[in-house]
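Here the structure comes first, spelled out in structure tokens, and everything after it is commentary.
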Amino acid sequence: MVKIFYLAANMASMDKNNILVVDDDPSVIETLEIILEKEKMMVTGINTPERIHEFLHQAVYDVILLDMNFSSGIMTGNEGIYWLNEIKKMDPDAFVIMMTAYGDYELVVKAMKEGALDFIVKPWENEKLIATINNACKLKHTSLQLQKANKENKLLSKEISRSNQEIIGNSSVMNELKETIAKIAPTDANVLITGENGVGKELVARKIHNLSKRKNNLLIQVDVGAIHESLFESELFGHKKGAFTDAFEDKPGRLEIASGGTLFLDEIGNIPLSVQSKLLSVLQNREANPVGSNTSYAFDIRLISASNKDVEKQIEMEMFRKDLFYRINTITVHVPPLRERGDDVIQLAEFFLKKYASKYDKKTLKLNNSAMGKLLKYSWPGNVRELMHAIEKAVIMSSRDVLTSHDFVLENKVVGHSEKWPVRFKEIEKHAIIRSLKNNNNSIVSAARELGLTRQTLFNKCKKYGIEY
């Protein structure tokens, strides 16, 4: 009877080398189980190659032992080559060792060309078999470590390229902001940055980090709103190989990667309630457990968070934990909207003009007085981000050396004019739902939290008002 073993997601023996054996001979599988389990390896056996897809979806294997022939009387090895290619389609990095009872040199060469790592001829010598598999496992682990190092190097290069950006503007509110940053940066105090979308909260976080004692280490950013609730713990705390479907390797969490530096949780107001208590516990204890592991690791970070929402109102609506708010909010830094920054608009416009004129090879472009006047009068509901996109679009579309007011197509909103709300209650409700969906990237779950409604209630109201999301 062939033994079939399924690798459980939370198996305690996660540190063992995991071997998949695919062979139509039950005695071969049972023999390999006995030999390899003595070597502290985890063995999974299947006697039909048609189940390879199923098993590769269920678990992660360090090495796959694949027979060359499965049909009675056929010894060409073509079946093994076919299933080798199928495995490589599913996992290009899979380490596959071919097995056959017939030592054919041309077959060996063909298998190697198709991506096999090594070849075993039946009957094998136990010592040679064990050495071959051990070497393959070591090579697999080295390969994973190199992949991890390459990912971290790419991340480091990306962070270095973004770390030299300066805060532009000399308005009174921005000078006050810069003074606040200079005071708090040298400390390790947790900081909450507030402000509307597009004001530059990320830039402020990076400035605090660059002026801190941790500046020589990484600032790791986590866009909380972009992470699905089911993957939040994995992203933040890390996971072990095989902890869940598609967990093909150990992955360090952002907390571990940021240790020694700064962790920036952007849009923390979107963090699911189900995760908030665990995050609070982790921040208090300064220890975290990767998903699928019973072993914790310590970390040392400075925490900076940001939100475009009123977190205190979220607390009143029971959408955010008060104790977590106090943990992340030792100091609050508010970034003013662009409409309150006066002539900073022109300074920023000149900065973006220089950037995009160089990018699109239009280095002689300038802003004339009419363009400056229009930019100053506009209220910039999208803040600095909207200004940046407006300048880029104008540079791309311009065919002259001067940008005028006609090169900027802006909404009819000017400084001092607030958005006009409807009068009837149904229209107000519809307007509020549309705005909340827009603010939350059309996420009905996040919008429902913001509005204090259940998901089903918001869904019904969207259907009632014909609101698409």
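- The pair D188-R214 counts as a salt bridge, with a side-chain nitrogen and a carboxylate oxygen less than 4.0 angstrom apart.
- Between L280 and R327, the shortest heavy-atom distance links the atoms CD1-CB, 3.9 Å.
- Side-chain atoms of T142 come within 3.5 Å of backbone N or O of K138 as a donor-acceptor pair.
- Looking only at distances, a side-chain donor or acceptor of K140 sits under 3.5 Å from a matching main-chain atom of D93.
- Atom-to-atom distance recorded for D62:CG and F95:CZ is 9.5 Å, nearest 0.5 angstrom.
- Checked for salt-bridge contact, E202 and R206 meet the test: a charged N lies under 4.0 Å from a carboxylate O.
- For the pair E235 (side chain) and I227 (backbone), a donor-acceptor distance under 3.5 Å is absent.
- In this structure, the separation between CG on L265 and CG on L283 is 7.5 Å, given to the nearest 0.5 Å.
- Under the 3.5 Å distance criterion, the side-chain polar atoms of R302 are left unmatched by any main-chain donor or acceptor of G261.
- Across every non-hydrogen atom of T330 and N190, the tightest pair is CB-O, 3.2 Å.
- With contacts defined as side-chain heavy-atom distances shorter than 4.5 Å, the pair Y297/P290 qualifies.
- Rounding to the nearest 0.5 Å places CG of L255 at 6.5 Å from CZ of F237.
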| query | For L263 and Q221, what are the C-alpha separation, side-chain angles and deciding distance, and is it a side chain to side chain contact (heavy atoms under 4.5 Å, CB included)? | reply | CA-CA 6 Å; L263 180 70; Q221 178 176 350; over 6 Å; no
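- Put simply, the side chain of Q276 gets close to the backbone of R321: a donor and an acceptor are under 3.5 Å apart.
- Residues E450 and M317 are not in side-chain contact: their nearest non-hydrogen atoms beyond the backbone lie 4.5 Å or more apart.
- Proximity of a side-chain donor or acceptor of K201 to a complementary backbone N or O of S305 within less than 3.5 Å is not detected.
- Considering NZ of K464 and CG of N460, their distance stands at 10.0 Å, rounded to 0.5 Å.
- Looking only at side-chain heavy atoms (C-beta outward), L348 and L338 come within less than 4.5 Å of each other.
- The environment of Y360 atom OH is dense: over 12 non-hydrogen atoms of other residues, nucleotides or ligands sit within 6.0 angstrom.
- The shortest heavy-atom contact between L177 and P336 is CD2-CD, 4.4 Å.
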| task | Step by step, work out the side chain to side chain contact (heavy atoms under 4.5 Å, CB included) result for N17 and V63. | result | CA-CA 8 Å; N17 290 323; V63 174; over 6 Å; no
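- Here E267 does not pair with K309 in a salt bridge; the nearest charged N to carboxylate O distance is not below 4.0 Å.
- Contact detail for L117 and A136: the closest heavy-atom pair is CD2-CB, 3.5 Å.
- Taking a cutoff of 4.0 Å between a charged side-chain nitrogen and a carboxylate oxygen, D23 and K122 qualify as a salt bridge.
- Under the 3.5 Å distance criterion, the side-chain polar atoms of T31 are matched with a main-chain donor or acceptor of S27.
- R286 has its side chain within reach of F299: a pair of non-hydrogen atoms, C-beta onward, lies under 4.5 Å apart.
- Nearest heavy atoms, S307 versus I268: CB-CG2, 4.3 Å.
- Within a 6.0 Å sphere centred on NZ of K88, other residues, nucleotides and ligands contribute more than 12 heavy atoms.
- Annotation for E312: atom CD does not count as buried by contact number, only 12 or fewer foreign heavy atoms lying within 6.0 Å.
- K461 contributes atom NZ, which lies 6.5 Å from atom CG of L453 (distance to the nearest 0.5 angstrom).
- Between the side chain of S259 and the backbone N or O of D300 there is at least one donor-acceptor pair closer than 3.5 Å.
- Judged purely by atom type and a 3.5 angstrom limit, N285 has no side-chain atom pairing as donor or acceptor with the backbone of E287.
- Counting only heavy atoms from C-beta outward, the side chains of N383 and N197 never approach each other to under 4.5 Å.
- E86 and K89 are joined by a salt bridge, as a carboxylate oxygen and a charged side-chain nitrogen come within less than 4.0 angstrom of each other.
- Looking only at atom types and distance, the side chain of H209 has no donor-acceptor partner in the side chain of N217 under 3.5 Å away.
- Looking only at atom types and distance, the side chain of T48 has a donor-acceptor partner in the side chain of E50 under 3.5 Å away.
- In this structure, L32 and W124 have side chains that are in contact, with non-hydrogen atoms separated by less than 4.5 Å.
- Within a 6.0 Å sphere centred on NZ of K178, heavy atoms belonging to other residues, nucleotides or ligands number more than 12.
- In this structure, the side chain of T132 engages the main chain of K128 through a donor-acceptor pair within 3.5 Å.
- Here the NZ-OG distance, from K207 to S212, works out to 11.5 Å after rounding to the nearest 0.5 Å.
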| Would Q58 and T44 satisfy side chain to side chain contact (heavy atoms under 4.5 Å, CB included), going step by step from the backbone distance to the final call? | CA-CA 11 Å; Q58 289 175 347; T44 303; over 6 Å; no
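- In plain terms, the two heavy atoms of K240 and S293 that are nearest each other are CG-CB, 3.4 Å.
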| task | Show the numbers, then the answer: is there a side chain to side chain contact (heavy atoms under 4.5 Å, CB included) between Y465 and I434? | result | CA-CA 10 Å; Y465 294 126; I434 293 172; over 6 Å; no
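- Between N18 and L20, every side-chain heavy-atom pair lies at or beyond the 4.5 Å cut-off.
- Using a 4.5 Å heavy-atom cutoff, the side chains of K355 and I391 are not in contact.
- Counting non-hydrogen atoms of other residues, nucleotides and ligands closer than 6.0 Å to CD of E318 gives a total of 12 or fewer.
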